[in-house]
Amino acid sequence: MRPEIEALLRPDLRGGIPYGAPQLDVPVALNTNENSYAVPPAVVAEITAAVEAIASGLNRYPDREFTQLRQELAAYLSRSGTAVAPEQVWAGNGSNEVLLHLVQAFGGPGRVALGFTPAYSMHPIITTTTGTTWADGMRGRRFDLHVASAVEQVRAHDPAIVFLCSPNNPTGTALGLEVIEAVHEAAPRALVVVDEAYAEFARPGTPSALTLLAGRPRLVVTRTLSKAFALAGARLGYLAADPAVLDALRLVRMPYHLGAQTQAVALAALRHADLMLATVDVIKAQRDRIVEGVREIGCDPVPSDANFVLFGGLADRAATWQGLLDRGVLVRDVGLDGYLRVTAGTPEETSAFLDALAEVMAVQRQGDQG
Ligand SMILES: *Cc1c(COP(=O)(O)O)cnc(C)c1O
């Protein structure tokens with residue numbers, strides 16, 4: 001950065017590193033947990049028609065309260081069996097913006113947000129860019145988080161916000177509801193945010209924190225259309241919480257933050273929720289195939305409830321990452337010693353990844369012997 005610009009920059013941002021998953025043009029991109037399947041033609045037609053229908057009205061600001069979208073998102077969440085009312089639903093340009101609204105409203109200078117690392121790398125970035133202090137909580141050796149440890153850390157930090165991530169990115173594991181309940185009880189002055197970006201991929205019997213919302217006005221569950229819903233490019237994330245939390249978010253959001261075209265696209269996709277989610281079972285099967293496949297290759301997968309797998313046992317993760325890239329497969333280095341993260345996509349992508357990994361590991365083992 002030019003020194004004269006750096007001198008103007010907020011001191012706490014100097015020397016910072018921006019979020020930067022590489023966007024490389026490769027045959028097999030398995031590094032950002034998108035849904036590998038394209039939007040189905042029937043939904044493309046509906047999206048196109050929906051945008052055309054609102055285009056002449058783009059001279060006006062959009063519905064600031066995205067009323068219809070909130071109704072549809074509430075209906076979608078309610079399909080899980082837990083009734084969610086439109087008054088409980090908030091949305092933004094990706095769940096990242098929803099998280100930003102939460103931290104803007106409930107964090108701020110002098111306040112602490114606690115997360116349990118490794119978790120979603122944007123939680124600390126959003127936290128610190130709002131002048132909120134980040135506290136790095138810890139997980140167990142296999143990235144597990146149990147009640148006693150979580151409660152102890154919450155008490156030690158006295159946070160204004162606690163981030164929980166379930167299923168957790170980058171480890172893939174879902175949290176037991178007892179951990180969420182215990183954290184909520186141990187932090188009576190905190191907003192407890194459960195990031196459920198990957199909820200639709202969870203293995204059977206993994207309950208959502210939505211089931212805990214009733215009677216807990218300090219609990220927030222965030223979701224997104226970016227992952228299972230195959231709509232990352234549209235940028236639509238949302239949350240469910242007590243209506244009073246939404247009133248707080250209205251204090252910090254920019255006016256008309258959700259464009260008319262975004263609302264129209266999301267509504268069109270939600271009208272075809274079953275079609276948009278049709279690939280979830282295929283992807284879950286690929287996830288399970290990856291877990292088995294990397295184990296057979298001699299690596300060490302972490303059990304996953306998401307559309308990705310963190311796998312360890314890598315002597316030199318940077319070399320493995322590069323070896324995979326040389327074979328056209330882009331995975332994610334999440335900064336964990338000995339581990340890489342791979343997204344589950346199509347069966348063909350899984351095969352390409354497993355074949356490439358087997359080759360890379362064989363070459364590396366030969367190198368060790370030679
Ligand atoms: C991908 C991801 C999100 C989604 O972000 P969007 O802004 O909705 O695209 C949120 N949380 C976690 C943990 C994620 O991995």
Side-chain angles (χ1 to χ4, degrees), residues 18-23 29-36 39 66 69 73 76-77 89-104 113 115-127 129 137 139 143 145 161-175 180 192-202 206 208-209 220-240 249 253 257-259 262-263 265-266 269-270 276 280 283 287 302 304-310 331-336 341-345:
Y19 174 89
Q23 287 194 305
L30 299 176
N31 70 327
T32 50
N33 299 344
E34 294 146 324
N35 188 320
S36 285
V39 175
F66 39 100
L69 182 57
L73 288 168
Y76 172 67
L77 287 179
V89 175
W90 185 252
N93 296 282
S95 52
N96 274 286
E97 187 180 46
V98 166
L99 294 168
L100 175 63
H101 289 163
L102 289 167
V103 182
Q104 283 181 314
F116 297 91
T117 308
Y120 186 40
S121 62
M122 283 306 298
H123 293 159
I125 293 178
I126 292 169
T127 294
T129 56
R139 290 169 179 270
F143 312 116
L145 183 61
I161 301 171
V162 181
F163 285 108
L164 297 170
C165 193
S166 179
N168 184 48
N169 180 7
T171 59
T173 34
L175 276 179
I180 298 167
V192 176
V193 179
V194 186
D195 186 334
E196 290 193 350
Y198 300 96
E200 289 94 341
F201 295 110
T206 310
S208 162
V220 178
V221 180
T222 66
R223 295 280 187 100
T224 181
L225 297 187
S226 295
K227 307 287 163 60
F229 223 87
L231 214 60
R235 310 302 301 126
L236 200 289
Y238 57 105
L239 64 73
L249 305 183
R253 64 101 174 271
H257 68 286
L258 213 48
T262 305
Q263 297 185 40
V265 169
L270 282 161
M276 295 300 286
V280 165
I283 293 167
R287 179 230 10 240
V302 180
S304 174
D305 288 292
N307 67 334
F308 56 83
V309 177
L310 186 74
V331 301
R332 189 72 174 276
D333 182 346
V334 293
L336 278 178
R341 190 194 71 192
V342 61
T343 304

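What's counted below: heavy atoms across the whole structure, side chains too, no hydrogens, waters or symmetry copies. Being a predicted model, the structure only gives us computed values, none of them experimental. Each ligand, and each atom within it, is numbered from 1 in the order the structure gives.
Note: an N/O pair closer than 3.5 Å links Thr224 and ligand 1 by distance alone.
For atom 15 (O) of ligand 1, the nearest non-hydrogen atom of the protein is Tyr198 OH, 2.6 Å. Ranking protein heavy atoms by distance to atom 4 (C) of ligand 1, first place goes to Ser95 OG, 3.3 Å. For atom 11 (N) of ligand 1, the closest non-hydrogen atom on the protein side is Asp195 OD2, 2.8 Å.
For ligand 1, the atoms closer than 4.0 angstrom to any heavy atom of Ala197 are 2 (C), 3 (C), 10 (C), 11 (N), 12 (C), 14 (C). Within ligand 1, counting atoms from 1 as listed, the ones closer than 4.0 Å to a heavy atom of Asn96 are 5 (O), 6 (P), 7 (O). Atoms of ligand 1 lying under 4.0 Å from at least one heavy atom of Lys227, given by number and element, are 1 (C), 2 (C), 3 (C), 4 (C), 14 (C), 15 (O). Per-residue contacts place Ser226 under 4.0 angstrom from the following atoms of ligand 1 (heavy atoms of the residue considered): 6 (P), 8 (O), 9 (O). Residue Gly94 has at least one heavy-atom neighbour below 4.0 Å for each of these atoms of ligand 1: 6 (P), 7 (O), 8 (O).
Nearest heavy atom pair, residue Leu30 against residue Ser36, reads CD2-OG, 4.3 Å.
Aromatic ring centres of Phe308 and Phe201: separated by at least 6.0 Å. Taking the six-membered ring for Trp and the full ring otherwise, the centers of Tyr238 and Phe66 sit at least 6.0 Å from each other.
Distances shorter than 4.0 angstrom occur between a heavy atom of Arg235 and an atom of ligand 1. The closest approach between a heavy atom of Cys165 and any atom of ligand 1 is below 4.0 Å. In this structure, Asn33 falls outside the shell of residues with a heavy atom less than 4.0 angstrom from ligand 1.
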Candidate pair Leu99 and Met122, rule side-chain contact (heavy atoms from CB on, under 4.5 Å), full reasoning: CA-CA 9 Å; Leu99 294 168; Met122 283 306 298; 5.7 Å; no
Given side-chain contact (heavy atoms from CB on, under 4.5 Å), test Leu231 with Val39 step by step and report yes or no. CA-CA 8 Å; Leu231 214 60; Val39 175; 4.3 Å; yes
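A donor-acceptor pair shorter than 3.5 Å cannot be found between the side chains of Arg139 and Thr173. Remark: the Asn169 side chain and the Arg341 side chain contain an N/O donor-acceptor pair separated by less than 3.5 Å.
Ring geometry for His257 against Trp90 counts as parallel: the plane angle stays under 30°, on a 0 to 90° scale with 60° as the upper cut.
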